[in-house]
Every structure is written in C-alpha cells, then in structure tokens.
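Values below: all heavy atoms of this structure, side chains included; hydrogens, waters and symmetry mates excluded. Chain identifiers are assigned alphabetically (A, B, ...) following the order of the sequence lines, protein sequences preceding nucleic acid strands; residue numbering begins at 1 within each chain.
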2 protein chains.
Amino acid sequence: MKNDVKCPLNYTMNLIGTKWKPLILFHLLEENLRSGVLQKHISGISNKMFTQTIRELEKDGLVFRKVYPVVPPKVEYGLTERGKSLEPILRGLDAWGLKDSKI
Amino acid sequence: MKNDVKCPLNYTMNLIGTKWKPLILFHLLEENLRSGVLQKHISGISNKMFTQTIRELEKDGLVFRKVYPVVPPKVEYGLTERGKSLEPILRGLDAWGLKDSKI
DNA sequence: TAACTATACCACTTTTTAGTAAGTTATTGC
DNA sequence: GCAATAACTTACTAAAAAGTGGTATAGTTA
C-alpha cells in the first residue's frame, strides 16, 4: 500500500513510525551511548530488534554509528543533525504521554 | 512484550503509534467529517482498516462518533478534547516531514 | 421490484513485525 | 587450550497488522 506523497505526516511516519524507533532516538537525546548501554536503557527490546531498528535509523541518517577497532568490540551511537532535529517532536510525544497518563 | 511504564513516550506510542491513527487524527483537526468523506481524505486506506482504526481511536477517547438515525446511514467523526490536545504533535510531525523532505 | 445509497461487519489470506535461541568474531587473561 | 567479552548475525517461529472480497441494512428513487 503506497502512502500519500502529498501528506508530509506520512513521510515522517515512514521514518519513525514504528514501535522502537522513537524510543531509541529519545534515549540518545542527552548523550551518545555505547551499544550495550543504549540497549539496556530500552526496556523490553530484544537484541534482534535493537540491531535491526538502529540499522534502519542509521540508513535513514538519523543516527550515526562509530566503531572503535578494539577487542572486545566497542560501538557508539549518537544522533545526527537530522536526528537531533526531531528533538521537539520526541519531547512533545513524551510530555503528552506524561500529562495524559495522569488524567 | 510489555512496554516500559516509566517512559511516557511509550504510553503515547501505544495510543497513536500505528500506520493510520495519526493520519486520521490529522485530517480531523480542521473540522468534523462524515465517515465517507474522511475515508476519502485518507488516500490508500482500506475500508476495513478505516473502520478498525477509528474504532480504536473512539475506544481510547481521542475521537467521538455521532450517528444520525437516517437511511442511508450518516455518521460523523470529530476530535474529543483529548484528541485535540494532540494537535501540536500532529502538526509538528507534519511540519517536520515537510521541511525534511525538501532537503 | 430492483437498483442505489452510506456505513460497517465478517471470513479469509497475505504481509509485516517481533521474539527466541543459537552461532560468529578476535583478543585478553587464566 | 578455553572461558569471557561486546556486538552482531542468522534461522526459525509466533504474533500482529493490513488487505480482499463479500454481506447486511432499509429507506428512496427510477
């Protein structure tokens, strides 16, 4: 099913409209994190979904990946400028949930 | 998989984090619409998904449904106060998509 | 009386998303 | 030699989301 190109909202939802993407982006707002640390922050995510989701975010240029050539591996993730530009939206979603869940 | 109750973002995504929900809400921002008209605004949605999605929005108190007892049926949908409180977020998502898609 | 209307339901199938569990890598330290 | 490590990767399965096509309704109009 094709999306309506005329609706930018659709464009946005295609980029971040999944279960885990907003969560991962949100947890990177404050600081870059090592792969394992970030994953532990996202309660409930499976190893597979984490890798898969962050790969897509990377492919879409919302997240960057920095690999340190050491053993054992060290990988760091952070937001790109494009990713950072989502900050108001992510905070908005979070704030709305906080407020609404108290009603 | 349970969601992290501690993260309000998760709460919000549970309410509107699907393919069609934000679209439907967005198209109701300006005015209440008859079922058929609304559905035609959402390009690509199937009849079944429309009904199913709007039922959930109604159940969650984001959308109200007004039925006129006439034949053929007339049904109107609109945003509740709770639904309207999502306006900044919906517009934010739309605006972000518009800006980003031009880069 | 038969077609038309707007809305919504149901059964069924396909597609997408998510979860589990195991295996891979290359080096350190015992 | 072998376990421990961090970050994946793969094969398989389960669950959720979405699509298709058909049916019901009951007045109005032709």
Provide, to the nearest angstrom, the distance between the CD1 atom belonging to I54(B) and the P atom belonging to dA17(D). 17 Å
Here the distance between atom C1' of dC8(D) and atom CD of E76(A), to the nearest Å, is 17 Å
When rounded to whole Å, the NZ to P distance for the pair K40(B) and dT7(C) reads 8 Å
Ranking dG19(C), dA8(C), dA6(C) by distance to the side chain of M49(A), first place goes to dG19(C)
Without decimals, in angstroms, what is the distance between K74(A) NZ and dA4(D) P? 24 Å
Does Q52(B) or R34(B) map to a spot on DNA chain C nearer the 5' end, using the closest nucleotide for each? R34(B)
If I compare all heavy atoms of M49(B) with all of T53(B), which pair ends up nearest, and what's the gap? O-OG1, 2.6 Å
Between R55(A) and K48(A), which is nearer to the 5' end of DNA chain D once each is assigned its nearest nucleotide? R55(A)
Is the shortest side-chain N/O distance from R65(B) to OP1 or OP2 of dA8(C) below 4.0 Å? yes
Starting at CZ of F50(B) and ending at P of dG21(D), how long is that distance when rounded to a whole Å? 20 Å
OP1, OP2 of dG19(C) versus side-chain N and O of K19(A): anything below 4.0 Å? yes
Can you measure L38(B) atom CG to dT7(C) atom P for me and round it to whole angstrom units? 10 Å
If the cut-off is 4.0 Å, is Y77(A) near the phosphate of dC8(D), judged by side-chain N/O to OP1 or OP2? yes
Carboxylate-amine/guanidinium proximity below 4.0 Å for K84(A) and E87(A): no
Quick check for you: among dA6(C), dT27(C), dG27(D), whose closest atom lies nearest to any side-chain atom of V71(A)? dT27(C)
Joint hydrophobic cluster, I42(A) plus F64(A), side-chain heavy atoms closer than 4.5 Å: no
Out of dG19(C), dC8(D), dG19(D), whichever nucleotide has its closest atom nearest the side chain of T51(A): dC8(D)
Return the nearest nucleotide to the side chain of W20(B); candidates are dA18(C), dA18(D), dT9(D). dA18(D)
Interatomic distance, Q39(A) CD vs dA6(D) P [rounded to whole Å]: 12 Å
Can you tell which of dA6(C), dG19(D), dT10(D) lies closest to the side chain of P72(B)? dA6(C)
How close or far is atom P of dT17(C) from atom CD1 of I45(A), stated in whole angstroms? 14 Å
What distance do L29(B) atom CG and L79(B) atom CG have between them, rounded to the nearest 0.5 Å? 5.5 Å
Within the 3.5 Å criterion, strictly below it, is a donor on D100(B) or Y11(A) matched to an acceptor on the partner's side chain? yes
Listed nucleotide nearest any side-chain atom of S46(B), set dA26(D), dA8(C), dT20(D): dT20(D)
side-chain N/O S35(B) vs dA8(C) OP1/OP2, d < 4.0 Å: yes
